[in-house]
Amino acid sequence: MSTPEETRPKNFLETLIAEHLRDGVHAGVVTRFPPEPNGYLHIGHAKSICLNFGLAQQFGGRCNLRMDDTNPVAEDVEYVESIANDVRWLGFEVGEVLFASDYFEQMYRWAEDLIVAGKAYVDEQDLEAIRAGRGSLTEPGTESPYRNRPAAESLDLFRRMRAGAFPDGAMVLRAKIDMANPNMIMRDPLLYRIRHAHHHRTGDAWCIYPMYDYAHCLEDAIEGITHSICTLEFENNREIYDWLIDTLDVPAKPRQYEFARLALDYTLMSKRKLLKLVQSGTVRGWDDPRMPTVAGLRRRGYTASAIRSFCDLIGVSKANSRVDFGKLEFAIRSDLNPEVPRVMAVARPLEVVITNWPGGVEWLDAALYPHDVPKEGSRQVPFSGRLYIEQDDFAEEPPAGWHRLAPGREVRLRYGYFITCTGVERGPDGAISRVLCTYDPATAGGAAPDGRKVKGTLHWLSADEAVPAEIRLYDHLFASDTPDREDWEALLNPNSLEVLQGFVEPSLADDAAGSRYQFERLGYFISDAVDSRPGALVFNRIVTLRDSWAKQTKKDEPAAPPPAPVAEKKPDTRPTKLGRAEIRVRIRAEDADLAAAYARLQADLGLSEEDADVLTGDRELAAFFEATIAAGAEVAAATRWVVNEVLREVKDRPLGELPLTPAALAGLIGLVDAGRLSVTAGKEVFAELVAQGGDPAAIMAARGLEQLSDAGALAAAVDAVIAASPAQVERYRGGNAGLLGFFIGQVMKATGGRADPAATRALLTERLSS
RNA sequence: AGGGGCGUGGGCUAGCGGUAAGCCACGGGAUUUUGGUUCCCGCUGACGUAGGUUCGAAUCCUACCGCCCCUGCCA
């Protein structure tokens with residue numbers, strides 16, 4: 001009620017952009033979706049597409065579809081076409097498709113600028129030497145012998161690289177940054193490599209190609225991207241992104257923001273691995289309905305709106321997470337349920353003979369939509385003395401809770417009659433070949449005039465009129481919910497596709513491929529866009545219906561065997577990183593003054609070891625603290641304020657830049673200690689001192705923060721709050737003691753933080769209990 | 001001389017010093033000619049751990065723990 005749903009940001013990027021727009025950091029929003037055309041888009045890309053296009057839409061901006069085609073060897077026009085097609089299919093407006101390769105000339109000129117400025121050089125080391133020179137996570141790298149060659153020499157070499165004077169791998173262009181940078185990416189990253197390869201767009205015009213780190217930020221700058229949104233694994237790359245944007249004379253200053261990529265249970269998102277599935281023939285192509293690709297989901301029968309709503313449901317954050325597959329199923333079911341017609345199909349036929357059927361065929365009128373779907377329409381379905389029902393719908397020895405057909409049991413055939421099983425016929429192998437039933441002519445349409453009820457309603461088909469159809473049932477491609485492992489190929493689900501020869505009702509005989517239906521009680525299906533045609537119908541199961549009976553029977557089965565042991569984890573060989581505590585210890589080890597202060601604070605001022613430690617890990621901070629004491633602040637209070645409040649402020653900027661002085665802090669502490677300022681109001685004054693500096697007493701006076709000393713005024717504020725919140729009062733008196741915080745907060749707000757919290761609490765407790 | 005990130009119920013996500021919220025899943029019930037849908041109820045279940053600041057901490061400070069990413073001439 002307080003905040004309208006539409007105005008509340010859904011994720012941190014919306015919040016950030018809203019702030020940027022509000023503060024005038026950007027006048028508008030321009031995002032981009034930048035796939036490399038080396039594979040088909042998958043559901044993980046769909047998340048990114050919905051995010052980037054969605055953000056642009058929401059804030060009235062633009063989103064570019066840009067092919068990041070900087071590596072000719074893996075890329076192909078087939079992929080650029082499929083990508084553009086998929087993005088449009090997902091429902092987003094794609095203007096002109098853009099290509100990084102269109103910017104090659106500009107990028108090249110900027111590279112020359114870098115060389116001329118002495119910030120890039122041509123390195124003739126081979127691959128192994130470059131790798132070795134990079135150092136390791138814990139050791140700095142070593143500089144290339146070519147690093148300090150004259151700019152003119154690099155320029156000449158670079159021009160000859162472009163001209164094709166050298167073979168692949170002979171040399172590279174590198175940025176000259178810092179071989180000792182703790183971020184490995186900053187250790188003179190490669191900018192250009194030689195590749196005598198045919199590019200899908202530029203053909204043979206180039207034989208040098210820019211690397212991702214060099215190209216991407218420049219592409220963004222050229223397009224005037226404001227928010228370059230990518231996945232978490234690029235966090236380390238942000239530093240080189242910023243370095244280039246800030247170093248080069250580019251037309252815009254885009255910045256990069258990262259979010260967690262999608263991980264979905266039972267599916268793999270690696271383009272490399274998906275490609276292998278396609279190439280090995282494990283699946284029938286990129287659009288195999290088992291594939292997590294957009295093309296696969298589309299052929300499977302997923303709608304674009306379901307995929308969009310799925311992306312909306314899962315949210316966007318920076319936490320590495322996996323999404324429950326059920327969420328995707330939920331999205332498609334809720335999309336299809338109110339839309340698609342219900343028809344009947346039998347996947348695994350079992351013949352039923354109605355022994356008292358008079359003969360002939362009766363055509364029944366059957367609604368296409370259930371009572372709760374507000375859509376009109378019906379079709380005719382034939383009923384006769386020879387029917388098919390689902391094998392699963394008959395049990396010779398039914399388990400407890402069985403609602404379906406069994407010897408002696410009566411069920412309803414949907415839209416038809418009640419039938420009662422009178423017996424079975426067996427084939428030579430002893431298996432049931434037919435089920436014998438009688439029908440009750442009085443139950444035409446499925447209702448009994450005598451009002452008797454049946455537990456189960458079955459779907460069925462008249463055998464002679466039923467139309468044969470291939471029915472493809474899909475399950476997860478992988479048997480493991482976390483197939484993203486080394487041995488992923490061993491985790492393939494051997495039963496991911498089951499092909500059945502079943503039947504559908506005659507109204508589907510002329511079905512147009514690509515139509516979706518609910519096959520009653522079986523699930524949602526789509527006629528296969530590639531393989532289905534009249535006379536040879538093929539249906540893909542999109543998703544099953546929720547099935548509480550299956551869940552029930554599963555629950556009754558003996559517990560599943562314990563999960564297979566997860567592959568042995570590799571021993572952790574990562575270097576441990578230093579905690580801040582360790583860093584402070586090292587600093588003191590090299591700084592006698594700080595070491596002395598550390599001892600002094602404990603011995604002379606009686607600080608705890610922890611407080612002394614924190615306060616003497618940095619010369620500025622230590623000096624600030626001691627100056628605050630010297631300015632007259634009480635030791636314990638000064639310690640609390642500096643440790644808890646000042647420390648937070650110096651996280652993003654050095655103490656020296658803060659307008660806050662030790663004298664001002666000491667003054668503030670004095671006001672609080674004297675009871676003239678509540679701690680709450682004191683923090684407000686502190687915030688102002690940090691922001692603007694000044695005199696604490698003057699700030700207190702100017703903002704009217706002096707503690708409420710008049711008991712009557714406090715009581716009035718308390719009573720006003722109680723009077724204004726009758727509902728909360730009732731709940732508080734009903735036992736919700738946690739609400740006390742709410743009331744105190746209200747009083748604090750009403751008094752501008754001037755109320756004495758302890759007195760407020762006491763008064764509130766008293767008034768509320770009466 | 002390592003650096004960069006992330007930890008909120010079974011899963012995902014919100015929260016930005018003042019009543020821990022939403023969706024999925026799960027469990028009940030009602031309605032139902034789909035064991036579907038819809039509706040209602042429940043979840044006596046969560047703030048990684050430990051200290052500290054505060055009247056009050058998921059939120060601020062400190063330490064610790066766990067997980068992810070980075071040593072391609074891939075993106």
Side-chain angles (χ1 to χ4, degrees), chain A residues 8 10-11 34-36 38 68 70-71 74 127 130-131 134-141 168-169 172 180-185 187 190 192-195 211-212 216 232-239 258 260 265 313-324 326-327 330 333 337-338 342 370-373 401 403-404 412 414-415 445-447 454-459 518 520-521 545-550 552 575-581 610-611 613-614 640-641 643-645 647-648 679-680 683 728 731 736 738-746 748-749 756-761:
Chain A
R8 206 185 79 231
K10 289 203 309 277
N11 60 56
E36 183 187 15
N38 68 345
D68 206 4
T70 59
N71 182 5
L127 200 144
I130 288 177
R131 182 177 301 152
R134 201 143 26 211
S136 77
L137 295 177
T138 51
E139 297 150 338
D168 287 6
V172 293
N181 196 298
N183 181 356
M184 301 283 297
I185 289 171
R187 322 245 257 228
L190 274 58
Y192 272 89
R193 77 289 218 187
I194 301 172
R195 278 252 212 285
M211 301 284 292
Y212 168 85
H216 203 91
L232 247 29
E233 65 270 27
F234 290 97
E235 278 174 325
N236 298 306
N237 303 61
R238 188 174 59 231
E239 200 173 347
E258 310 87 13
D265 282 352
L313 285 173
I314 59 177
V316 176
S317 78
K318 297 193 70 156
N320 262 312
S321 56
R322 301 191 68 79
V323 173
D324 184 344
K327 206 118 186 172
F330 170 82
R333 286 190 190 115
N337 174 54
R342 271 64 169 175
H371 61 94
D372 46 17
V373 171
H403 291 177
R404 283 113 99 141
R412 169 166 40 233
R414 179 139 232 226
Y415 303 118
V454 289
K455 279 279 184 47
T457 300
L458 270 39
H459 62 277
Q518 185 193 110
E520 294 218 37
R521 303 207 308 132
L545 261 26
R546 277 185 69 224
D547 188 348
S548 47
W549 172 245
Q552 178 66 37
T576 50
K577 74 174 173 189
L578 255 41
R580 277 182 285 192
E610 190 185 329
D611 287 339
D613 174 27
V614 168
R640 285 199 301 271
W641 280 88
V643 168
N644 286 296
E645 306 300 324
L647 221 43
R648 164 181 30 187
V679 173
T680 310
K683 285 183 182 175
Q728 279 85 354
R731 282 167 56 203
N736 192 341
L739 243 28
L740 186 60
F742 162 78
F743 290 111
I744 297 178
Q746 292 297 304
M748 284 310 200
K749 274 195 191 92
D756 172 36
T760 304
R761 170 180 285 264

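Chain letters run A, B, ... following the sequence lines, proteins first, then strands; residues in each count from 1.
Within the nucleic acid shown, A:Val373 has no heavy atom closer than 4.0 Å to any nucleic acid atom. Within the nucleic acid shown, A:Gly401 comes within 4.0 Å of at least one base atom, counting heavy atoms only. Across all strands, A:Leu578 comes closer than 4.0 Å only to sugar-phosphate atoms, never to a base (heavy-atom distances). The residue A:Ile314 sits close only to the backbone: its heavy atoms come under 4.0 Å of sugar-phosphate atoms, none of a base.
Taking atom C1' on both nucleotides, B:rG10 is separated from B:rU53 by 35 Å, rounded to a whole Å. B:rA46 sits 13 Å from B:rU8 when the P atoms are compared, rounded to a whole Å. Rounded to whole Å, the C1' atom of B:rC24 lies 23 Å from the corresponding atom of B:rA30. Rounded to whole Å, the separation between the P atoms of B:rG5 and B:rC74 comes to 27 Å. Distance noted for atom C1' between B:rC43 and B:rG29: 15 Å (whole Å). Nucleotides B:rA14 and B:rC73 have their P atoms positioned 35 Å apart, rounded to a whole Å. When the C1' atom is compared between B:rU34 and B:rC26, the two are found 23 Å apart, to the nearest whole Å. Of the P atoms belonging to B:rA57 and B:rU38, the separation is 41 Å, rounded to the nearest Å.
Looking at A:Asn183, its side chain does come within 3.5 Å of a backbone N or O of A:Asn236 through a donor-acceptor pair. In this structure a side-chain-to-backbone donor-acceptor pair under 3.5 Å is missing from A:Arg134 to A:Gly141.
In this structure A:Leu647 satisfies the side chain to side chain contact (heavy atoms under 4.5 Å, CB included) test together with A:Val614, A:Leu621, A:Val650, sequence neighbours excluded. Scanning for side chain to side chain donor-acceptor pair (under 3.5 Å) contacts around A:Arg195 gives A:Asn71, with sequence neighbours left out. Under the salt bridge (Lys or Arg N to Asp or Glu O under 4.0 Å) criterion, A:Arg412 pairs with no residue, sequence neighbours left out. Taking the salt bridge (Lys or Arg N to Asp or Glu O under 4.0 Å) definition, one finds that A:Arg193 meets it with nothing, sequence neighbours left out. Taking the side chain to side chain contact (heavy atoms under 4.5 Å, CB included) definition, one finds that A:Thr138 meets it with A:Ser136, A:Pro575, sequence neighbours left out. Scanning for salt bridge (Lys or Arg N to Asp or Glu O under 4.0 Å) contacts around A:Glu645 gives A:Arg648, A:Lys683, with sequence neighbours left out. Judged as a salt bridge (Lys or Arg N to Asp or Glu O under 4.0 Å), and not counting sequence neighbours, the contacts of A:Glu233 are A:Arg261.
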Query raised in the report: In B/S/- notation, 5' to 3', how is nucleotides 42-47 of chain B contacted by protein heavy atoms closer than 4.0 Å?
Result: ------
Report task. Take nucleotides 24-32 of chain B nucleotide by nucleotide from the 5' end and write B, S or -, depending on whether a protein heavy atom sits under 4.0 Å from the base, only from the sugar-phosphate, or from neither. Result -> S-SS----S
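For the pair A:Gln518 CD and B:rG35 P, the computed distance is 10 Å after rounding to whole Å. Between the CG atom of A:Asn183 and the P atom of B:rA1 there is a distance of 18 Å, given to the nearest Å. Between A:Arg187 atom CZ and B:rG3 atom C1' the separation is 9 Å, expressed in whole Å. Across the protein-nucleic acid pair, A:Asn236 atom CG and B:rG3 atom C1' stand 7 Å apart, rounded to whole Å. Residue A:Lys10 contributes atom NZ, which lies 13 Å from atom P of B:rG15 at whole-angstrom precision. Atom CZ of A:Arg414 and atom C1' of B:rU34 are 5 Å apart (whole Å). Atom CD in A:Glu239 sits roughly 9 Å away from atom P in B:rG4 (whole-Å rounding). What separates CG of A:Asn320 from C1' of B:rC6 is a distance of 7 Å, to the nearest Å.
Of the candidates B:rG35, B:rG36, B:rU13, B:rG35 carries the atom nearest the A:His403 side chain, counting heavy atoms from C-beta on. Of the candidate nucleotides B:rG4, B:rU34, B:rG35, B:rG4 has the atom nearest to the side chain of A:Lys577.
The aromatic rings of A:Trp549 and A:His403 sit parallel, their planes meeting at an angle under 30°, below the 60° perpendicular limit.
With rounding to the nearest 0.5 angstrom, the CG atom of A:Leu545 is 10.0 Å from the CZ atom of A:Arg521.
Proximity of A:Arg238 to the phosphate of B:rG5: a side-chain N or O atom is located under 4.0 Å from OP1 or OP2. In this model, the phosphate group of B:rA1 is not approached by any side-chain N or O of A:Thr138 to a distance below 4.0 Å at OP1 or OP2.
A distance cut-off of 5.5 Å between ring centres, combined with a plane angle under 30°, leaves A:Phe742 outside any stacking arrangement with the base of B:rG18.
At a cut-off of 3.5 angstrom, counting only N and O atoms as typed in the model, there is no donor on one side facing an acceptor on the other between the side-chain of A:Arg640 and the base of B:rU53. No N or O donor and acceptor, one from the side chain of A:Asn181 and one from the base of B:rG3, sit under 3.5 Å apart.
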Polar atoms only, N or O, under 3.5 Å: list the protein pairs with nucleotides 71-75 of chain B and their distances.
| from | atom 1 | to | atom 2 | distance (Å) |
| --- | --- | --- | --- | --- |
| B:rG72 | OP2 | A:Arg131 | NE | 3.2 |
| B:rC73 | OP1 | A:Arg134 | NH2 | 3.3 |
| B:rC73 | OP2 | A:Arg134 | NH1 | 3.1 |
| B:rC73 | OP2 | A:Arg134 | NH2 | 3.1 |
| B:rC73 | N4 | A:Gln125 | O | 3.4 |
| B:rC73 | N4 | A:Leu127 | N | 3.4 |
| B:rC73 | N4 | A:Gly169 | O | 3.1 |
| B:rC74 | OP1 | A:Arg195 | NH2 | 3.1 |
| B:rC74 | OP2 | A:Arg193 | NE | 3.2 |
| B:rC74 | OP2 | A:Arg193 | NH2 | 2.9 |
| B:rC74 | OP2 | A:Arg195 | NH2 | 2.1 |
| B:rC74 | O3' | A:Arg193 | NH2 | 3.1 |
| B:rC74 | O2' | A:Asn71 | ND2 | 3.2 |
| B:rA75 | OP1 | A:Thr70 | OG1 | 2.9 |
| B:rA75 | OP1 | A:Arg193 | NH1 | 3.4 |
| B:rA75 | OP1 | A:Arg193 | NH2 | 2.8 |
| B:rA75 | OP2 | A:Tyr212 | N | 3.0 |
| B:rA75 | O3' | A:Asp68 | OD2 | 2.8 |

What protein N or O atoms touch nucleotides 55-64 of chain B N or O atoms at under 3.5 angstrom, if any, and at what distances?
| from | atom 1 | to | atom 2 | distance (Å) |
| --- | --- | --- | --- | --- |
| B:rC55 | O2' | A:Arg761 | NE | 2.6 |
| B:rC55 | O2' | A:Arg761 | NH2 | 2.9 |
| B:rC55 | N4 | A:Thr680 | OG1 | 3.2 |
| B:rC60 | O2' | A:Arg648 | NE | 3.4 |
| B:rC61 | OP1 | A:Lys651 | NZ | 2.8 |
| B:rC61 | O2' | A:Val643 | O | 2.9 |
| B:rU62 | OP2 | A:Lys651 | NZ | 2.8 |
| B:rU62 | O2' | A:Glu610 | OE2 | 3.1 |
| B:rA63 | OP1 | A:Ala581 | N | 3.3 |
| B:rA63 | OP1 | A:Arg584 | NH1 | 3.0 |
| B:rA63 | OP1 | A:Arg584 | NH2 | 3.2 |

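Base orientation of B:rG9: anti (glycosidic angle beyond 90° from 0).
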Query - Canonical and wobble pairing (Watson-Crick, G-U, under 3.5 Å) of RNA chain B, dot-bracket with | - result: .(((((((.[[[[.)..(..]]]].(((((.......))))).....[[[[[..)....]]]]])))))).....
